[in-house]
Trainee: 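Please read through the structure below; I'll follow up with questions.
Please read these numbers as outputs of a predicted model, since none were measured by experiment.
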Amino acid sequence: MYLYASRSRHVAFGEPEPARWNTVGVMDVLSRIEAHIRRHELIPPGGDILCLVSGGPDSTCLFHALRELGYAVSALHVDHGRRGAESDEDARFCVRVLGAQVVRVDGRDASEAELRAVRYAQEPGRLRATGHTASDQVETILYRLATRGTTTGIKPRREDGVVRPLLPLWREETEAFLGERGLPFRVDSSNAATVRGLIRGGVVPLLERIHPAARENVLRALDERRTLPPALAELLDARVGSRRVDLGGGVQAVREHDRLWLEHGPVELRGEVRWDGWTIRSELPGLKVRGWRPGDRLAGRTRKIQDVFVDAKIPRSDREGWPLVVRGDEVVAVPGIVDAPGVEAVREVRA
């Protein structure tokens, strides 16, 4: 089905349909796309880019917008042949309107994941782009939250190099962009029957009934996750009971079941070390200062450091940041609790 987008209506086979978007400034859309491309260094200025197109509004907007921004744009369409004459018409549209190369595969018995893999396998030696938008981002977050319990989303750049220049735009904005120019696009009649179609047509509207800014709030959850160092985000997502990751700069994140804390990495004790209000001094060779780890024991003894903390009535919230003086894997001293010859520890008095 061809759709011609205009400011006031869709025209499908000459039948008008009420508008579903607000007029969007074309220059604003283009500037946001370009800013996103530059921020993530997705495409070199004026560089070649192959758009993987379906003929739908998002990939059609992608093709035209990148051309207007001065990139050397070409297009490729993968025809899976799953919808008979409708698939044939999609392919003809992409050739005629977008000048696309068409790759035909038999996808009638393939899963959505297999079809996606075929699509991303095309022209691996070239820089490729897809038309994923902020609307796709919301749907992906909701799907992964429901199926995996994580709030990960679509990356601006896939590991295989495929880029997503339209992630700053909502789907209605891509349609409005085409509407400003009266440019046609295709509509996939099978979308509503997919899981993504269920989220798009059912879940998202229900969320917007709860709060009109539901989509933006879903994206905000992803933005907050993106501020985390990748290693820390991976630690939070992990299902193991006990794990630690190096965050760099001598800091490690430690997760012990439902608890998470940061600790300094081992620091060489050469003369003096300052550690969270402690000043620790020693001239003995081979000593380091680090935080407590589950299973730590006093050197030459069977007693666990956890038991030392309990007997000294050290609150659980203070234990992770308490310094230990170690030699190898053995704990030589616990400042303020267990002394050791040649090691001096003084804690500053806090008001």
Side-chain angles (χ1 to χ4, degrees), residues 32-45 47-63 65-67 69 71-80 94 98 100-101 103 105 107 110-148 150-171 174 188 191 194-196 199-200 218-219 221-234 236-238:
R32 285 158 59 201
I33 295 172
E34 180 66 10
H36 176 71
I37 291 173
R38 297 277 65 82
R39 183 182 308 116
H40 297 283
E41 300 181 338
L42 301 182
I43 313 170
D48 293 335
I49 184 71
L50 176 64
C51 295
L52 304 180
V53 298
S54 65
D58 298 337
S59 63
T60 300
C61 172
L62 174 72
F63 178 87
L66 293 184
R67 284 216 315 187
L69 288 169
Y71 296 99
V73 182
S74 56
L76 183 144
H77 172 75
V78 178
D79 179 7
H80 301 125
C94 290
L98 307 177
Q101 170 192 353
V103 175
V105 298
S111 67
E112 290 295 329
E114 290 169 337
L115 295 176
R116 186 165 51 249
V118 170
R119 183 185 184 202
Y120 286 125
Q122 304 304 314
E123 300 287 348
R126 300 180 62 184
L127 181 58
R128 298 157 294 161
T130 61
H132 288 89
T133 66
S135 301
D136 295 300
Q137 186 75 281
V138 168
E139 293 158 12
T140 298
I141 295 169
L142 292 174
Y143 174 77
R144 292 179 178 172
L145 182 62
T147 59
R148 306 180 191 175
T150 64
T151 54
T152 56
I154 301 171
K155 299 177 182 178
R157 182 190 298 272
R158 279 171 51 103
E159 286 73 9
D160 60 7
V162 174
V163 298
R164 281 72 177 258
L166 301 190
L167 281 181
L169 306 184
W170 296 105
R171 183 172 296 114
T174 66
D188 185 341
N191 278 342
T194 65
V195 173
R196 186 174 290 276
I199 297 173
R200 181 181 305 170
V218 170
L219 283 185
L222 180 61
D223 290 338
E224 291 174 0
R225 172 59 59 87
R226 282 177 174 165
T227 64
L228 297 175
L232 183 55
E234 180 183 350
L236 291 173
D237 289 339

Trainee: Do R164 and T133 pair up side chain to side chain, a donor and an acceptor below 3.5 Å, judged on atom types alone?
Mentor: no
Trainee: So which heavy atom on I43 is nearest to which on P165, and how close?
Mentor: CD1-CG, 4.3 Å
Trainee: Could you work out, with side-chain hydrogen bond (donor to acceptor under 3.5 Å, both in side chains) as the rule, every residue matching H132, not counting sequence neighbours?
Mentor: T130
Trainee: Look up atom CD in E114 and atom CZ in R119, then write down how far apart they are to the nearest 0.5 Å.
Mentor: 16.0 Å
Trainee: Going through the checks in order, is the side-chain contact (heavy atoms from CB on, under 4.5 Å) test met by C51 and L66?
Mentor: CA-CA 9 Å; C51 295; L66 293 184; 3.9 Å; yes
Trainee: OH of Y143: more than 12 outside heavy atoms within 6.0 angstrom?
Mentor: no
Trainee: Hey, could you give me the CG/CG distance between L62 and L52, rounded to the nearest 0.5 Å?
Mentor: 9.0 Å
Trainee: Restricting to non-hydrogen atoms, name the atom on L167 and the atom on I154 that form the minimum distance, rounded to 0.1 Å.
Mentor: CD1-O, 3.8 Å
Trainee: Which residues pass the side-chain hydrogen bond (donor to acceptor under 3.5 Å, both in side chains) test with R158, not counting sequence neighbours?
Mentor: D160
Trainee: Hey, is the main chain of Q122 close enough, under 3.5 Å, to the side chain of R128 for a donor-acceptor pair?
Mentor: yes
Trainee: What's the spacing between I33 CD1 and L169 CG if we round to 0.5 Å?
Mentor: 4.5 Å
Trainee: Any side-chain heavy-atom pair from V218 and L145 closer than 4.5 angstrom?
Mentor: no
Trainee: Which value, rounded to the nearest 0.5 Å, describes the distance between L98 atom CG and T60 atom OG1?
Mentor: 5.0 Å
Trainee: Quick check: closest heavy atoms across A100 and V53, and the distance to 0.1 Å?
Mentor: CB-CG2, 4.2 Å
Trainee: Just to verify, what does Q101 make a side-chain contact (heavy atoms from CB on, under 4.5 Å) with, not counting sequence neighbours?
Mentor: L76, V103, E123
Trainee: Output the distance between atom CG (L50) and atom CZ (F63), rounded to the nearest 0.5 Å.
Mentor: 10.0 Å
Trainee: My understanding is that only residues two or more places apart in sequence, or in another chain, count here; which of them pass ring-ring contact (aromatic ring centres under 6.0 Å, His included) with H36?
Mentor: H40
Trainee: Rounded at 0.5 Å granularity, tell me how far OG in S135 sits from CG in L166.
Mentor: 11.0 Å
Trainee: Test of understanding: with side-chain hydrogen bond (donor to acceptor under 3.5 Å, both in side chains), list the residues that count as partners of R171, not counting sequence neighbours.
Mentor: D136, E139
Trainee: Taking only residues two or more places apart in sequence or in another chain, which ones pass salt bridge (Lys or Arg N to Asp or Glu O under 4.0 Å) with R157?
Mentor: none
Trainee: So, using side-chain hydrogen bond (donor to acceptor under 3.5 Å, both in side chains) as the criterion, who are the partners of R126 when residues are at least two apart?
Mentor: S74
Trainee: Taking everything shown except R196 itself, do over 12 heavy atoms lie less than 6.0 Å from its CZ?
Mentor: yes
Trainee: Can you list the residues that meet the salt bridge (Lys or Arg N to Asp or Glu O under 4.0 Å) rule with E41, with sequence neighbours excluded?
Mentor: none
